[in-house]
There are 4 protein chains.
Amino acid sequence: MARNAEKDQISREKRLNQILDCALEVIALKGIGSVSINDIAVASKVSVGNIYHYFKSKDEIFDEILRRGQTAYGQFVSETEALELPALDKLSLICSGWLSTRNHWAHTLLIHSARLSETSLPSTRSQVTERFTRNLVPITNIIKQGQKEETIIDGDPLELAFYFVSLIQGLTLQRMPGAEVPAPIRVEGVMHLLDKRKRMD
Amino acid sequence: MARNAEKDQISREKRLNQILDCALEVIALKGIGSVSINDIAVASKVSVGNIYHYFKSKDEIFDEILRRGQTAYGQFVSETEALELPALDKLSLICSGWLSTRNHWAHTLLIHSARLSETSLPSTRSQVTERFTRNLVPITNIIKQGQKEETIIDGDPLELAFYFVSLIQGLTLQRMPGAEVPAPIRVEGVMHLLDKRKRMD
Amino acid sequence: MARNAEKDQISREKRLNQILDCALEVIALKGIGSVSINDIAVASKVSVGNIYHYFKSKDEIFDEILRRGQTAYGQFVSETEALELPALDKLSLICSGWLSTRNHWAHTLLIHSARLSETSLPSTRSQVTERFTRNLVPITNIIKQGQKEETIIDGDPLELAFYFVSLIQGLTLQRMPGAEVPAPIRVEGVMHLLDKRKRMD
Amino acid sequence: MARNAEKDQISREKRLNQILDCALEVIALKGIGSVSINDIAVASKVSVGNIYHYFKSKDEIFDEILRRGQTAYGQFVSETEALELPALDKLSLICSGWLSTRNHWAHTLLIHSARLSETSLPSTRSQVTERFTRNLVPITNIIKQGQKEETIIDGDPLELAFYFVSLIQGLTLQRMPGAEVPAPIRVEGVMHLLDKRKRMD
DNA sequence: AATGAATGAGTATTCATTCAT
DNA sequence: GATGAATGAATACTCATTCAT
């Protein structure tokens, strides 16, 4: 063994991140449908062949980006739920966090593409949907809290959570570069839709 | 001259519709990314070569589907605006019309794909966005009406219209076949978010 | 219909033969392992893309060559069995027919490759073996006839037929270009092995 | 100097054998066409890079396997020739030795592949054929002996030897896994073809 | 010597578009 | 207009070989 196993592991991890980060960047730039392995190779400065050292296929790259994205988002949402804050503030944090983060629409696209494409394995699709559903739970809980605090409008909390997330995703898709719809997207505006108190003015 | 120009024109129009309708059908079935000209040819029972008598390119087909879809939707929204009804009822009509119509998510996908893909001409993209923006106007007007009637929550009407449409589109994307998120989508639920009176219960 | 369906069918058949014949030629020249679709395209003067108009995959081409080869051989063997001749003469005909026909070793290679390669579908493999086995029957019958005529040595006729064919195939493989083993291959020599009368000299 | 050159040499020899043995194993398992350097590396537990310390190229590995196989077979045949036995018994030994040894069909395949493939150097091909021809000599001698003993049928001894080996190789190829032709392969059956006495029954 | 990451040329296959009939 | 054969560029993936450590 002339090599250092630990160092190898670290450099492997680095390369993985390098490829995934650059791939996401390229997807964000060119759209998922027209990203080729070559694009990813060029962007990440890793040779085409070497990419296949780290990933079995292009789809595996997409899957992994998705998995990481959804997992990170899930963690963020869970942590936010656990904060000692009014429900509306928690949702505001989530909303602004999502809308302000660059590349979130690339993730959103990936989610929808993965669910859609005939080619992606059924296992991929069901995993994406499962993670999506799981990530709905903390938001549902926050909405329950808000309803107790009488700051969030009535209704099935799961349904409201679903609408909340769908709205944010819908807005995210509108933010695609080159699609400048001349209408504002503001966190307070979105929160307003759920805010019970505002209605009594 | 056994042929007459008018008849030719009619038959041409029929063929166009035949191709476009079937193309949309196939997109709805297979997803936009994996629809080939051959798929469209088979589905519409028009030979591959003949399709190019009616359309310059595959992209032109997509553009035309989009144009027709957005135009039809714009007309529907305008007509709904003109009805003698409370604002909330108008929005309900629009919402249920959209959510109940099969293939609307194929349209939604097309809109987002068109805006996105590098390959699609800038002209296509700007036209799509322009039509989208124009179709926002009647909804904005309905919301203004609702605010006067004190049935719709306060806020910039254009912004609210934008949220309304984005939410509906976001929900539409969730309805993709094979993406069964276990949460309900109900017209009244959506309307609830805009309903001012509900807040005072 | 501006086209002539019958003519289309004929030209299709021509192209199929053209591709298959040239493919066999190239296999005979370069060996099955190193024949690319491009080689076949160049040899048959059909564009790469167009080859896929006629065949689903490279393997399908190989399968079809094999099928035709084995079928033709089977017919030849059956017809030979039906002749009004002494058994030894029939076997001589078969032996010389096989050994004198150019490209037979390419077929032999294909048979063995098909049986072997991991990639070829199990169905392919079993079909090849099944046709091989079926083609053994007429030879077995001829050997039975010869044993009745007391011109062919004793023993299980099927086993002898199997040896006869294996020997011919083995010799065929030795005839590969560039493998000039300095030993003769003669029909009478092969027949000698089965000839009962010769032993009593 | 803790290391000693002799020990190194032994270890080098061991590694060589390790690689060659495992490579043959893999060829026998996967077929020659689909064996990659990586397969060999995994099977022999030697890293890809390290294999290139021992062999200049993949082809050199194949060449060496062949050389060793043919040399070992040549030795076996020579030793058998030298035994004090009737000719028929000697041939029986050779026949059963070949047919009973696992992996012999992998060798046979290698022989034919080497002779065949355009890629293999002409030098390789001529060496293979030369060794093949040389190995024919002892068998030719045994046949001469048998003809003197009046137990083997008449005919050019070299020609008969060639047929004998070709038959055995042909039968070997039929024994490929997954090619179960429902016909027996028996040493006595094969010997029967050469046995002069049997004919007089 | 030993490792496995890196490279890049090569391969089968797809598909929008054109063309001859 | 209508057909489907023909084209060739593009793409994902493989693999023998080299290189840095």
Side-chain angles (χ1 to χ4, degrees), chain A residues 1-5 7-9 11-12 14-15 34-41 45-61 119, chain B residues 3 8 11-12 15 34-42 45-61 119, chain C residues 1-5 7-9 11-12 14-15 34-41 45-61 119, chain D residues 3 8 11-12 15 34-42 45-61 119:
Chain A
M1 288 257 192
R3 307 255 295 269
N4 179 327
K7 222 169 152 187
D8 273 16
Q9 189 55 37
S11 101
R12 179 179 174 82
K14 264 189 189 170
R15 273 274 191 275
S34 39
V35 170
S36 71
I37 277 286
N38 196 52
D39 291 331
I40 297 174
K45 284 167 196 156
V46 168
S47 72
V48 171
N50 204 22
I51 284 183
Y52 285 89
H53 226 72
Y54 293 95
F55 298 97
K56 272 212 302 286
S57 70
K58 199 174 116 170
D59 275 335
E60 200 183 84
I61 295 176
T119 63
Chain B
R3 268 170 152 183
D8 272 15
S11 130
R12 180 178 171 83
R15 271 274 200 270
S34 41
V35 171
S36 69
I37 279 285
N38 195 54
D39 291 331
I40 297 173
V42 169
K45 284 167 196 157
V46 170
S47 73
V48 171
N50 204 19
I51 285 183
Y52 282 84
H53 274 290
Y54 295 96
F55 298 97
K56 269 212 307 287
S57 70
K58 193 176 135 178
D59 275 336
E60 201 183 83
I61 295 176
T119 62
Chain C
M1 288 256 192
R3 306 259 293 271
N4 180 326
K7 223 169 152 188
D8 274 15
Q9 189 55 37
S11 101
R12 179 179 174 83
K14 265 190 189 170
R15 272 273 191 275
S34 39
V35 170
S36 71
I37 278 285
N38 196 53
D39 292 331
I40 297 173
K45 284 169 196 155
V46 168
S47 73
V48 171
N50 203 22
I51 285 183
Y52 284 88
H53 225 72
Y54 293 95
F55 298 97
K56 272 211 304 288
S57 69
K58 197 173 116 171
D59 275 336
E60 202 183 82
I61 296 176
T119 62
Chain D
R3 269 172 152 180
D8 271 17
S11 133
R12 181 178 171 81
R15 272 274 200 270
S34 41
V35 170
S36 70
I37 279 285
N38 195 53
D39 291 329
I40 297 173
V42 169
K45 284 167 196 156
V46 170
S47 73
V48 171
N50 204 19
I51 285 182
Y52 282 84
H53 275 290
Y54 295 95
F55 298 96
K56 269 212 308 287
S57 70
K58 193 176 136 179
D59 275 336
E60 200 182 83
I61 295 176
T119 63

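Below, chains carry the letters A, B, ... as their sequence lines are ordered, and counting in each starts from 1.
- Here F:dA5 presents its C1' atom at 15 Å from NZ of C:K14, a figure rounded to the nearest Å.
- Nearest approach of D:K58 to D:Y52, heavy atoms of both residues: N-OH, 4.5 Å.
- Between B:R12 and B:H53, the shortest heavy-atom contact is NH1-O, 3.9 Å.
- Annotated stems with DNA chain F as a participant read E:2-21 with F:2-21, given as range with range, by first number; only runs of 3 or more Watson-Crick or G-U pairs under 3.5 Å qualify.
- Minimum interatomic distance between B:I37 and B:I51 (heavy atoms only, all atoms of both residues): O-CD1, 4.2 Å.
- Minimum heavy-atom separation, D:E60 to D:K56: OE1-N, 3.1 Å.
- Note that OG of C:S47 and CG of C:N38 are 10.5 Å apart. Values are rounded to the nearest 0.5 Å.
- Between the CZ atom of B:F55 and the P atom of F:dG1 there is a distance of 12 Å, rounded to whole Å.
- Considering only residues two or more places apart in sequence or on other chains, B:D39 meets the side-chain contact (heavy atoms from CB on, under 4.5 Å) condition with B:V26, B:K30, B:V35, B:S36.
- A pairwise comparison of heavy atoms in D:Y54 and D:R15 identifies OH-CG, 3.6 Å as the closest pair.
- Rounded to the nearest 0.5 angstrom, A:I61 CD1 and A:I40 CD1 are separated by 4.5 Å.
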*How does protein reach along nucleotides 6-13 of chain E, written 5' to 3' as B (base within reach of a heavy atom under 4.0 Å), S (only sugar-phosphate), or - (no contact)?*
BBB---SB
